[in-house]
Protein chains: 2
Amino acid sequence: MNTVTIQDIAKAANVSKSTVSRVLNGTATVAEDKKKAVLEATKRLGFQPNIVARSLAKGRSMTIGVLTQLIGSPFYDTVAQGVIIGLRDTGYSPIFVDGQWQKNSEVEAIQALLGRRVDGLVLIGGGVAENEITQLCGSTPAVIVARKLNSESHRTIHMDNVDGGYRATRHMIEKGHQRIAIIKGLGHHPDAIDRFEGYRKAHQEAGLDIDPGLVLEGDFSADSGVAGVDKLLAEKTLFTAVFAANDMTAFGARLALYRKGIRVPGEVSLIGFDDQMEATYSTPPLTTVRQPAREMGQQAAHAVAALIDGEEFESQCVHGELVLRESVAPPPAD
Amino acid sequence: MNTVTIQDIAKAANVSKSTVSRVLNGTATVAEDKKKAVLEATKRLGFQPNIVARSLAKGRSMTIGVLTQLIGSPFYDTVAQGVIIGLRDTGYSPIFVDGQWQKNSEVEAIQALLGRRVDGLVLIGGGVAENEITQLCGSTPAVIVARKLNSESHRTIHMDNVDGGYRATRHMIEKGHQRIAIIKGLGHHPDAIDRFEGYRKAHQEAGLDIDPGLVLEGDFSADSGVAGVDKLLAEKTLFTAVFAANDMTAFGARLALYRKGIRVPGEVSLIGFDDQMEATYSTPPLTTVRQPAREMGQQAAHAVAALIDGEEFESQCVHGELVLRESVAPPPAD
DNA sequence: ACACACTTTGAAACCGGTTTCAATCGATTA
DNA sequence: TAATCGATTGAAACCGGTTTCAAAGTGTGT
């Protein structure tokens, strides 16, 4: 192992540990010749400072703890990627713990992170109670991404899902649709609830009643998209459009429609949510509400870094952007 | 901050630091009453051991460095996820560094990881020279995933891409296709080269010549799939099937075909590579060669853990499995 | 030439744990 | 009763850096 320490450098350069440290960190002025000697020895011996030791001494680990939700959701994964990217030039490295860590889950995961003395925390989604977060984190700066909190007690970066659902639905209504089915996301998931609320709001605003038969349960999976459409068809519910809780669900719905030979958007229009990469290339390309997942992750990364440096950071509420592609058209003349 | 140290516990329980450490780690037998006192104090004061300090003292950081390639490839991302999952119950936490880290890239990234005194390394893909890896890692156990190495000097978990390309191509040949276009991956990428080699091999075995006009350059992106098919069509090259270097490229090809009103698999068959989640739900569901990305990541995680514990681990060469769905059919009778 | 301020430097303390080492103790054995 | 042994325990060294502090060296003003 490359186990050359600062002590070895000191000996080689004929100075003290302290001086080596000062040269390497630029903490104080050091005579030119000694500085040169230290630098030379550092290079020659291939010295690599032990970050663990440095962390202990400085009380800062240059590490950001990231709590992820590996539910296989492309959205959350992309947020996590954004965090990695956003941390690139900050000097901090992300350390990941999965929310579904063993049975103990999130709280334990956060504790594990804290035990590692991370300098900051990025919590992606998740469901720990807010006050519990407060209590756990103590004075460690934390940013919560992709999750709406009720109180203002934490900084968050999240999307306005009500608005997103509203825009998606209104778009279809404007195209002339009156019977828009919705395949909802996971029942208790706040995002799912909000998107549905947006759907409701758009109907209300347009003076349209919602036929309960058009409201299907789902769980953000493609399978639930298939199931939703199949149910609609089996029950012979009339519908000219489908609002899927996310793109995966939309893909599932698309497939179910394809199997029955129902044309999209000719006979049924389809809209998704997320704008994951594949949406651009589905057939037809999927109209959807874009969630800037990567950007949110990046922003969160910058935010913790800023917080650690004592700067302030305001919670952000991003608005989804409707990405018009080809899966929505006016309903068939009939 | 929750800055209660082992010293505080010692004082509270009226014993020495050493004893507290012994109780907490079970390193030695401790009198029942003292043990109880320590445990009680630990709980009461809410003690959380400082892992940084422990790491320094023990010389082990309980951290695994993971080098990722955030090129937005679903495949690599899934491997990374697999690593997180595989590390769940091992006590190790993964710390991530992106290969495209600053301009300096991979070598610097690995050094950063090593500076953090990671106990092991998982390198996902990447292109650092093999001997450089050897030299860098020294005695730190390392596993390379999703990359073929020429020498046996490192443990790797990778897929036989020649075989994968061969199987895909042979499948189409067996279905009766004679003019199979291929949209290749990134020119210099070993996986791309190997898959093409498999394509070649299958043709050779079947006594089929390869029309150079059927071989298109690509870069693993969906766009290159679109471009490939467009080129084929523009040049009026005859073809009844397309082998795309990966699923994303296949999706792009699918879209280009869709735009021209060419039916899949009625008029043209299509096969991909990877079996990413969306392949199941594309229209039609995509026949593809499955790369067990998540499993490979998990295996790699287990492998480093094993190596650290002194166990041995043999390099693994996984074989891709042909996943038959609906995008391949016999060529049209014509 | 002398006092005073400022710069450079090394010794030592410290961060919070683990581990070695030697001392103490009760119990067993001769 | 003395000697030996094993089990407990605390003091101190250690991991590899950073930082404080005081001493030594330099230069300036009078």
Side-chain angles (χ1 to χ4, degrees), chain A residues 1-39 41-42 45-63 91 112 114-119 139-140, chain B residues 1-39 41-42 45-63 91 111-112 114-119 140:
Chain A
M1 182 52 177
N2 191 8
T3 186
V4 31
T5 78
I6 201 175
Q7 191 63 267
D8 302 328
I9 304 294
K11 206 165 294 171
N14 217 31
V15 295
S16 71
K17 277 168 58 175
S18 334
T19 302
V20 177
S21 173
R22 285 192 265 255
V23 171
L24 264 29
N25 297 296
T27 327
T29 45
V30 171
E32 209 41 56
D33 56 332
K34 310 211 176 196
K35 184 184 287 189
K36 205 162 285 179
V38 168
L39 258 21
T42 299
L45 303 186
F47 172 68
Q48 276 249 277
N50 182 329
I51 304 214
V52 177
R54 174 181 299 180
S55 298
L56 179 58
K58 304 236 282 195
R60 304 184 57 182
S61 61
M62 297 310 286
T63 305
L114 257 13
R116 286 203 126 85
R117 293 300 187 271
V118 294
D119 295 332
S139 60
T140 308
Chain B
M1 183 52 178
N2 190 6
T3 187
V4 32
T5 78
I6 201 175
Q7 190 64 265
D8 302 327
I9 304 294
K11 205 164 295 171
N14 218 30
V15 295
S16 71
K17 276 168 59 173
S18 334
T19 302
V20 177
S21 174
R22 286 192 265 256
V23 171
L24 263 30
N25 298 294
T27 328
T29 45
V30 171
E32 209 39 57
D33 56 333
K34 310 212 176 197
K35 185 184 288 190
K36 204 162 283 178
V38 168
L39 259 19
T42 299
L45 302 185
F47 172 69
Q48 275 248 276
N50 182 328
I51 304 216
V52 177
R54 173 181 298 180
S55 298
L56 179 59
K58 303 235 282 195
R60 303 184 59 183
S61 61
M62 297 311 285
T63 305
Q111 277 171 340
L114 257 14
R116 285 204 126 84
R117 295 298 188 273
V118 294
D119 295 333
T140 308

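None of the values given here were measured: they were computed from a predicted structure. Chain letters run A, B, ... following the sequence lines, proteins first, then strands; residues in each count from 1.
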Rounding to a whole Å, what distance do you find between A/Arg116:CZ and C/dG16:P? 18 Å

Integer-rounded Å distance: C/dC15 P and B/Ile6 CD1: 14 Å

Taking CG from B/Asn50 and C1' from C/dT18, how many angstroms apart are they, rounded to a whole number? 13 Å

List the atom of B/Ser61, the atom of B/Arg117, and the distance in Å for their closest heavy-atom pair. OG-O, 2.6 Å

Atom-to-atom span, CD of A/Gln48 to C1' of D/dG17 - whole angstrom: 14 Å

Of the listed D/dG17, C/dT19, C/dG17, the closest approach to the A/Ala57 side chain comes from D/dG17

Under the rule for side-chain contact (heavy atoms from CB on, under 4.5 Å), what residues qualify as partners of B/Ala37, not counting sequence neighbours? B/Ala13

Atom CG in B/Asn50, atom CG in A/Leu114: separation rounded to 0.5 Å? 11.0 Å

When the distance from CE of B/Met62 to P of C/dG17 is rounded to whole Å, what number comes out? 17 Å

Taking for B/Lys58 and for B/Asn14 the nucleotide of DNA chain D with the nearest heavy atom, the one nearer the 5' end belongs to B/Asn14

So, is B/Thr5 near the phosphate of C/dG16, with a side-chain N or O under 4.0 Å from OP1 or OP2? no

Gap between atom CZ of B/Arg116 and atom CZ of A/Arg54 - 0.5 Å precision: 10.0 Å

With the side chain of B/Ala53 defined as its heavy atoms from C-beta on, choose the nearest nucleotide among D/dT19, C/dG16, C/dA11. C/dG16

Minimal non-hydrogen separation, B/Asp119 against B/Gly59, with atom names: OD1-O, 4.4 Å

Protein and nucleotides 23-28 of chain C: nitrogen or oxygen contacts under 3.5 angstrom:
none

To the nearest 10°, let me know how far the axis at one end of the helix from C/dA1-D/dT30 to C/dA30-D/dT1 is tilted from the axis at the other, five pairs an end. 50°

Measure CD1/A/Ile51 against C1'/D/dG17 and give the value in whole Å, please. 11 Å

Residues touching DNA chain C, which here means a heavy atom under 4.0 Å, drawn from residues 19-31 of chain A: A/Thr19, A/Arg22, A/Thr29, A/Val30, A/Ala31

What is the distance, to the nearest angstrom, from the CG atom on B/Leu56 to the C1' atom on D/dC14? 9 Å

Which heavy atom of A/Phe47 sits nearest a heavy atom of A/Ile9, and at what distance? CB-CD1, 3.6 Å

Report which part of the nucleic acid A/Ser18 touches: base, sugar-phosphate, or nothing (heavy-atom distance under 4.0 Å, all strands). base

Quiz item: B/Lys17 side-chain donor-acceptor pair to D/dG10 base, under 3.5 Å: no

Base, sugar-phosphate, or nothing for B/Val15, non-hydrogen atoms under 4.0 angstrom? sugar-phosphate

Candidates D/dG16, D/dT9, C/dG17 - which lies nearest the side chain of B/Lys34: D/dT9

Atom pair OG1 (A/Thr63) and CD1 (A/Ile51), whose distance is rounded to the nearest 0.5 Å: 8.0 Å

Side chain to side chain donor-acceptor pair (under 3.5 Å) contacts in which one or both residues fall within residues 19-29 of chain A, not counting sequence neighbours: A/Ser16-A/Thr19, A/Ser21-A/Asn25

With A/Val38, the side chain to side chain contact (heavy atoms under 4.5 Å, CB included) member among A/Val15, A/Asp33, A/Val30: A/Val15

Can you check the B/Arg60 CZ to D/dG16 P distance for me, whole Å? 16 Å

Smallest separation among heavy atoms of B/Gln7 and B/Lys17, with atom names: NE2-CD, 3.1 Å

How far apart are the closest heavy atoms of A/Gly46 and A/Val4, and which atoms are they? O-CG1, 3.8 Å

With sequence neighbours left out, write down each residue that passes side-chain contact (heavy atoms from CB on, under 4.5 Å) with A/Ala12, or none if nothing qualifies. A/Ala41, A/Arg44, A/Leu45

